[in-house]
**Student:** 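This is the structure, below, for whatever I ask next.
Being a predicted model, the structure only gives us computed values, none of them experimental.
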Amino acid sequence: QKIKYIGGLDISFSKVDSRRAVVVLVVYRYSPYFCKDPKCRPKALYMDSMEVTLNLPYSKANFTSREGPHYLIMIDRLKEKRPDLVPDLL
């Protein structure tokens, strides 16, 4: 299968309240070529973010339980808003 779109998910936590965070999903068109010229750098085709409250304390053991549900919400929002841009790699 040919890769057409790639996406990235990340979460950034508040420095004041570790339960509060912002989740971001960005989708780009895949290009196998890297270009240092700013004119040919990829542009985001889709970007979405939302503020969330995390109820579980941080632990490596509960990473997916703590952050995973918010990532899934972002993917569902993408599928609802722009199903044509669902990434082949995430």
**Student:** Please report the closest heavy-atom contact between Met74 and Met50, naming both atoms and the distance.
**Tutor:**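 Closest pair (atom of Met74, atom of Met50, distance): SD-CG, 3.7 Å.
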
**Student:** Ile3: which residues meet the side chain to side chain contact (heavy atoms under 4.5 Å, CB included) condition with it, sequence neighbours left out?
**Tutor:**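 In terms of side chain to side chain contact (heavy atoms under 4.5 Å, CB included), with neighbours along the sequence ignored, Ile3 is linked to Ile6, Tyr30, Asp88, Leu89.
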
**Student:** Which pair of heavy atoms, one from Leu85 and one from Tyr46, lies closest together, and at what distance?
**Tutor:**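 Answer, listing the atom of Leu85 first, then Tyr46: CD1-CB, 3.9 Å.
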
**Student:** Tell me the salt bridge (Lys or Arg N to Asp or Glu O under 4.0 Å) pairs involving residues 10-20, sequence neighbours left out?
**Tutor:** Asp17-Arg19, Arg20-Glu51

**Student:** What pairs with Asp48 under salt bridge (charged side-chain N to carboxylate O under 4.0 Å, His left out), at least two apart in sequence or on another chain?
**Tutor:** Arg77, Lys81

**Student:** With sequence neighbours excluded, tell me which residues meet side chain to side chain contact (heavy atoms under 4.5 Å, CB included) with Leu90.
**Tutor:** Leu9, Leu25, Ile75, Pro87

**Student:** Can you list the residues that meet the salt bridge (charged side-chain N to carboxylate O under 4.0 Å, His left out) rule with Asp84, with sequence neighbours excluded?
**Tutor:**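 With neighbours one apart ignored, the set is Arg82.
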
**Student:** Within the structure provided, determine whether Val27 and Leu78 are in side-chain contact (heavy-atom separation under 4.5 Å).
**Tutor:** yes

**Student:** Suppose we screen for side chain to side chain contact (heavy atoms under 4.5 Å, CB included). Which residues come up paired with Ser18, at least two apart in sequence or across chains?
**Tutor:** none

**Student:** Nearest 0.5 Å, what's the CG-NZ distance between Leu45 and Lys4?
**Tutor:**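 Output value for this atom pair is 10.0 Å.
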
**Student:** Could you tell me which non-hydrogen atom of Glu67 sits nearest to which non-hydrogen atom of Phe13, and how far apart they are?
**Tutor:**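 Looks like OE2-CZ, 3.3 Å.
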
